[in-house]
Amino acid sequence: MSTVHAATESHGDHSDLAAEDPHFGKATGGKIAMWMFIAQDGMSFGGLLFAYGILRATAQEWPVPAEVLGINLTAFATFLLICSSLTMVFAVLAAQEKNKASLVKWLGLTILGGIGFLGIQVYEYQHLVHNGVGFVNSSFEGEAINSLFGTTFYAVTGFHGLHVLSGVIYLICIFKGAVQGKYTQGGDSASPVELVGLFWHFVDLVWILVFTFIYLL
Amino acid sequence: MADQSTASDDHGVSEAHPTVEVSKRQMYVYIFLILGFLTFIELFVPPVYGADWSSTTKMLLLCILAILKAGLVAAYFMHLNHEAKWTRWIAYTPIYMGGAVIIIMLESIYR
């Protein structure tokens, strides 16, 4: 970042420091750090999905996911997560507009979307366990199926579910600050809302891929 | 949509740019509708092309739809299309690593 200072001072303008950065533009340090976190987290998911693909491709037999898993309910959960992404971008806009009431409303709806998604996931797990799909041993309609099906399913969707749970907790922390008016004071005060938004959209993006690879293929 | 017209801070000072924000909101709603439509389309691909894992058409269609949806979320909701070059390079890291993993896997398969 020393080049930033050099570039800024050479132009004699100290008021728009971030805009002078030749590499990162107007991105704040927090935003760059969040992108780095998202990139490494994306690689974690990538590793899990690659492992799933290899295990499935080399398996002697593999149940048809659409027959074992509830596709329509999960499609609804996917849509719910997409809806929460929309409410999240509206929350970011509200913070940038310094509109506290709107920010609180959209953040609240985003949190509800996340809780709804988690509720569906818990219901789905209960249903699958009841039907014999376990983490170690799996069966479907009374017949044993490849145990790796349940293992990989719970590992990937559980890892994502933990991200949703973390996101909801993160959103609740931001919501608390939003109620106190911390993020609607102008300047960089909206930055924490943008950062939680980045994380939340990432969670949505990953689920789009998980839904396709685990449920539909 | 009603929010932008009442956009003001607690001190009663509005610094919003209504025209810009309305177009942003419209764009977000369009992206949301496209994502919802693509999710709806995805549900029809497995029944049409069968449940077979090796069905190339099904895999290709579903992968294209998933990548398209993920790309829309990254580009518009995460504003990656507005980020500077280096931020985008950071964000693309999982793609380079994924490419490297595929090359390593192919090498081990055809060794």
Side-chain angles (χ1 to χ4, degrees), chain A residues 21-27 31-32 35-36 38-40 42-43 45-47 50 54 56-57 62 64-67 71-72 75 78-79 82-83 85-86 88-90 93-94 96-102 105-106 181 184-186 194 197-198 201-202 204-206 208-209 211-213 216-217, chain B residues 2-4 6-11 13-17 21 24-25 28-29 31-32 35-36 38-40 42-43 45-47 51-53 55 58-59 62-63 65-67 69-71 73-74 76-80 82-88 90-95 97-98 101-102 105:
Chain A
D21 192 296
H23 304 303
F24 290 102
K26 290 180 180 176
K31 188 184 258 187
I32 295 162
W35 271 114
M36 288 172 82
I38 285 171
Q40 69 83 22
M43 286 188 271
F45 275 106
F50 268 116
I54 291 166
R56 183 169 170 178
W62 197 270
V64 178
E67 290 175 2
I71 301 294
N72 290 336
T78 307
F79 183 69
I82 292 170
C83 290
S85 259
L86 181 70
M88 190 66 240
V89 283
F90 283 167
L93 274 183
Q96 289 166 349
E97 289 169 354
K98 299 189 276 180
N99 188 337
K100 182 181 158 184
S102 183
K105 179 182 78 180
W106 292 121
T184 43
Q185 295 171 353
E194 285 181 51
L198 273 180
H201 297 312
F202 168 71
D204 180 25
L205 186 154
V206 167
I208 286 168
L209 301 175
F211 178 59
T212 296
F213 293 124
L216 297 176
L217 276 174
Chain B
D3 296 323
Q4 59 69 221
T6 57
S8 59
D9 63 8
D10 291 338
H11 309 289
V13 180
S14 175
E15 291 184 7
H17 304 286
E21 300 310 330
K24 264 189 183 177
R25 276 190 170 77
Y28 291 144
V29 171
I31 299 298
F32 164 73
L35 289 171
L38 293 178
T39 305
F40 184 70
E42 276 181 328
L43 294 178
V45 176
D52 187 8
W53 162 256
S55 170
K58 186 183 87 166
M59 284 181 73
L62 286 173
C63 286
L65 284 169
I67 290 166
K69 285 168 68 184
V73 171
Y76 294 98
F77 285 175
M78 298 173 90
H79 305 119
L80 199 56
H82 290 133
E83 292 296 346
K85 189 172 67 179
W86 279 39
T87 314
R88 289 206 298 269
I90 292 171
Y92 297 152
T93 315
I95 299 172
M97 298 310 287
V101 169
I102 289 169
M105 279 182 357

Task: Under 4.5 Å from a heavy atom of chain A, the part of B:Thr87 involved - done: both

TODO: Count the heavy atoms belonging to other residues, nucleotides or ligands that lie under 6.0 Å from CH2 of B:Trp86, then report whether that count exceeds 12.
DONE: no

Task: Over 12 non-hydrogen atoms of neighbours within 6.0 angstrom of OH in B:Tyr28 - done: yes

Open item on the list: If I take atom CD1 from residue A:Ile208 and atom OG1 from residue B:Thr39, how far apart are they, to the nearest 0.5 angstrom?
Closed with: 6.5 Å

Task: Portion of B:Glu83 that has a non-hydrogen atom of chain A nearer than 4.5 angstrom - done: side chain

Open item on the list: Is A:Phe211 close to chain B through its backbone or its side chain, or both, or neither, when contacts mean heavy atoms under 4.5 Å?
Closed with: side chain

- [ ] Please say whether more than 12 non-hydrogen atoms of neighbouring residues, nucleotides or ligands are located less than 6.0 Å from CE in A:Met43.
- [x] yes

Task: Options A:Asn72, A:Ile54, A:Ile38, A:Ile82, ranked by heavy-atom pairs under 4.5 Å with chain B, top entry - done: A:Ile82

TODO: Please look at B:Met78 and chain A and tell me whether the side chain, the backbone, both or neither of the residue comes under 4.5 angstrom of a heavy atom of that chain.
DONE: both

TODO: Verify side-chain hydrogen bond (donor to acceptor under 3.5 Å, both in side chains) between A:Glu97 and A:Ser102, making sure each step is shown before the conclusion.
DONE: CA-CA 9 Å; A:Glu97 289 169 354; A:Ser102 183; 5.6 Å; no

Task: Partner chain B: residue of A:Gly197, A:Ala94, A:Ser85 with the largest heavy-atom pair count (under 4.5 Å) - done: A:Ser85

TODO: Return the option, out of A:His201, A:Glu194, A:Met36, with the maximum number of heavy-atom pairs under 4.5 Å with chain B.
DONE: A:His201

Open item on the list: Check for me whether the distance between the ring centres of B:Phe32 and A:Phe79 falls short of 6.0 Å.
Closed with: yes

